[in-house]
Amino acid sequence: MTTRHTEVNWAVVGTGFISQSIADDLRLTPGARRQAVCSRNPDRARAFAVDKGFAVAHGSVSALLDDPSVDAVYIATPHSTHAAIAIAALEAGKHVLIEKPIAVSAEQGRQIASAAAASGRFAMEAMWMLFNPAYRDLIVAAREGAIGEVRSVRASFGLPFGRADSSRWTPERASSTLLDQGIYPITLALDVLGRPSRIHATGRVRDDGVDLTAHATFEYDDGRFAQLSASMIEYIEPTASVSGSDGWMSVPAPFWAANEFTTRAGSIARALTERRRTHHDRRGNGYVPMLEAVTVAIAAHRTEHPTHPLADSITALEVLDAVRESLSSPTARPKETR
């Protein structure tokens with residue numbers, strides 16, 4: 001199937017919180033049509049379709065993928081299902097936008113990339129942070145020398161989503177604070193500093209292998225570093241900063257969804273007393289910039305978006321794999337990543 005119109009007919013897999021936020025922002029996205037939704041519970045799918053303005057409700061993923069009216073699928077199911085659904089959708093001729101993490105391992109990420117290449121369809125991880133205007137401005141400012149030579153990144157995402165023994169966090173769902181929360185600070189570090197030379201991580205891992213907290217240090221051969229934290233059971237100030245030889249930039253909580261940041265630079269006296277604020281108005285729940293960029297790319301018959309190509313998602317998964325390996329052996333030497 002190819003998209004024969006300027007509008008892209010979107011479908012959403014799942015009816016949870018993320019699906020609801022995506023549905024609301026699809027309504028605000030030029031060129032995006034809310035076409036279909038599916039849930040294992042047909043009544044829930046129908047109620048979602050009526051409430052969010054979707055044309056069709058399906059009671060299974062297979063029924064949705066068989067629907068010829070669907071161009072693109074947003075996959076908002078548990079982590080453990082992302083790769084299988086994405087590959088099935090690509091093989092059915094659908095474009096895919098996959099809630100982060102795109103998969104639970106680098107190997108699964110490579111399987112998705114292979115399926116996308118074979119199908120000729122668009123595929124991307126829904127790392128919405130990368131498309132937010134304030135984040136884009138921060139990255140551009142860092143690369144253009146607003147704070148001199150960038151030397152370090154600090155970022156954390158720790159919120160107490162539930163008890164450590166909660167049924168929400170299970171191996172069957174590929175539950176993981178690294179995959180769910182840690183992916184944001186790690187993506188920021190990779191975007192600013194690149195792939196690290198060494199990784200050292202400590203944290204709390206349940207006996208069943210579910211990681212609940214993680215604290216990682218990325219080291220680079222030239223002395224640059226990143227200090228990153230994630231937790232699903234406690235608060236760790238969810239802010240971020242990028243520091244350099246001439247100043248630093250601070251992103252308020254929650255940094256992955258922030259619509260502003262501040263820059264302090266220059267002499268010590270000036271950096272400590274003056275700050276420059278960069279602000280953008282939020283569009284919808286914050287997903288609109290990403291949804292619009294992907295909708296435009298699909299309508300233009302592109303298979304990837306340059307802001308977040310599949311290779312970047314696979315690199316992030318390789319680093320996440322290394323962090324998890326270090327977590328499982330906290331007394332081991334820092335992991336070499338190349």
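- Salt-bridge annotation for E274 and R264: absent, with no side-chain N of the basic residue lying under 4.0 Å from a carboxylate O of the acidic one.
- Note on L228 and V205: same hydrophobic cluster, where clusters join Ile, Leu, Val, Met, Phe, Trp and Tyr whose side-chain heavy atoms are under 4.5 Å apart, directly or indirectly.
- Under the 3.5 Å distance criterion, the side-chain polar atoms of S175 are matched with a main-chain donor or acceptor of T170.
- Considering every non-hydrogen atom in both D25 and G286, the closest pair reads OD2-N, 3.3 Å.
- Between R151 and E149 there is a salt bridge, since at least one side-chain N of the basic residue sits less than 4.0 Å from a carboxylate O of the acidic one.
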Please lay out, stage by stage, how F54 and L26 fare under the test side chain to side chain contact (heavy atoms under 4.5 Å, CB included). CA-CA 10 Å; F54 283 75; L26 281 172; 4.2 Å; yes
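- Within the 4.5 Å cutoff, the side chain of F261 has no heavy atoms near those of the S250 side chain.
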D24 and Y287: side chain to side chain donor-acceptor pair (under 3.5 Å), yes or no, with the steps? CA-CA 9 Å; D24 290 340; Y287 296 97; over 6 Å; no
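- In this structure, W248 belongs to a hydrophobic cluster whose other members, linked by side-chain heavy atoms under 4.5 Å apart, are I268, L272.
- The shortest side-chain heavy-atom distance between L190 and V319 falls under the 4.5 Å cut-off.
- R121 places a side-chain N or O within donor-acceptor distance of the main-chain N or O of G93, the cut-off being under 3.5 Å.
- Side-chain atoms of T239 and V251, non-hydrogen and from C-beta on, never get closer than 4.5 Å to each other.
- Side-chain contact between K94 and V70 is present, with heavy atoms from C-beta onward closer than 4.5 Å.
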Criterion side chain to side chain contact (heavy atoms under 4.5 Å, CB included) on R204 and I233, from CA distance to verdict: CA-CA 10 Å; R204 181 177 174 186; I233 60 171; 3.3 Å; yes
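- Between the E304 side chain and the L310 main chain, a donor and an acceptor come within less than 3.5 Å of each other.
- A pairwise comparison of heavy atoms in T15 and A45 identifies CG2-CA, 4.4 Å as the closest pair.
- When side chains are defined from C-beta on, D281 does not count as touching N259, because their heavy atoms never get closer than 4.5 Å.
- A chain of hydrophobic side-chain contacts below 4.5 Å, direct or via other Ile, Leu, Val, Met, Phe, Trp or Tyr residues, connects V192 to Y184.
- R143 contributes atom CZ, which lies 10.0 Å from atom CG of L138 (distance to the nearest 0.5 angstrom).
- Close placement of the F157 and W256 rings is indicated, their centers lying within 6.0 Å of each other.
- When the shell of 6.0 Å around CZ of R44 is examined, it contains 12 or fewer heavy atoms from other residues, nucleotides or ligands.
- Panel note: side chain D208, backbone V210; a donor-acceptor pair is recorded below 3.5 Å.
- Considering only heavy atoms from C-beta on, E234 comes within 4.5 Å of T213 through its side chain.
- For the atom pair L64 CG and C38 SG, the distance stands at 4.5 Å (nearest 0.5 Å).
- Closest approach of P196 and Y220 over heavy atoms only: CA-CE2, 3.4 Å.
- Within the model, atoms OG1 of T29 and CZ of R34 stand 9.5 Å from one another, a figure rounded to the nearest 0.5 Å.
- You'll find the side chain of L90 stays beyond 4.5 Å of the side chain of H95, heavy atoms only.
- The line from OG of S231 to CG of D180 is 11.5 Å long, rounded to the nearest 0.5 Å.
- Ring centroids of H305 and F131 are separated by less than 6.0 Å, placing the two rings close together.
- Residues A258 and P252 come closest through the heavy atom pair CB-O, 3.8 Å.
- Hydrophobic clustering (side-chain heavy atoms under 4.5 Å, transitive across Ile, Leu, Val, Met, Phe, Trp, Tyr) keeps V140 apart from V242.
- Contact detail for S105 and R324: the closest heavy-atom pair is CA-NH2, 4.2 Å.
- For the ring-ring contact (aromatic ring centres under 6.0 Å, His included) condition, no pair includes a residue of residues 225-247, sequence neighbours left out.
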Given R198 and D221, is the side chain to side chain contact (heavy atoms under 4.5 Å, CB included) satisfied, shown in steps? CA-CA 8 Å; R198 291 166 298 280; D221 288 341; 2.8 Å; yes
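- At least one donor-acceptor pair under 3.5 Å links the side chain of D321 to the backbone N or O of A106.
- Of all non-hydrogen atoms in G109 and A103, the two that sit nearest each other are N-CB, 3.7 Å.
- Between the side chain of N9 and the backbone N or O of S69 there is at least one donor-acceptor pair closer than 3.5 Å.
- Side chains of H280 and E260: no donor on one and acceptor on the other come within 3.5 Å.
- Following chains of ILVMFWY side-chain contacts shorter than 4.5 Å, one can reach I139 starting from F218, so the two form part of one hydrophobic cluster.
- With respect to R283 and E292, a salt bridge is recorded, a charged nitrogen being found less than 4.0 Å from a carboxylate O.
- Listed for the H79 side chain is no donor-acceptor partner under 3.5 Å among the backbone atoms of P101.
- No donor-acceptor pair under 3.5 Å is formed between the side chain of K100 and the backbone N or O of I183.
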Given side chain to side chain contact (heavy atoms under 4.5 Å, CB included), test T307 with R136 step by step and report yes or no. CA-CA 10 Å; T307 296; R136 297 311 316 161; 4.0 Å; yes
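- Of the possible polar contacts, none joining the D211 side chain to the S176 backbone as a donor-acceptor pair under 3.5 Å is found.
- Residues R195 and E318 are in side-chain contact: their nearest non-hydrogen atoms beyond the backbone lie under 4.5 Å apart.
- Note on I87 and V96: same hydrophobic cluster, where clusters join Ile, Leu, Val, Met, Phe, Trp and Tyr whose side-chain heavy atoms are under 4.5 Å apart, directly or indirectly.
- The CD atom of E99 sits 6.5 Å away from the CD1 atom of I22 when rounded to the nearest 0.5 Å.
- Rounded to the nearest 0.5 Å, atoms CD1 (I102) and CD1 (I314) are 7.5 Å apart.
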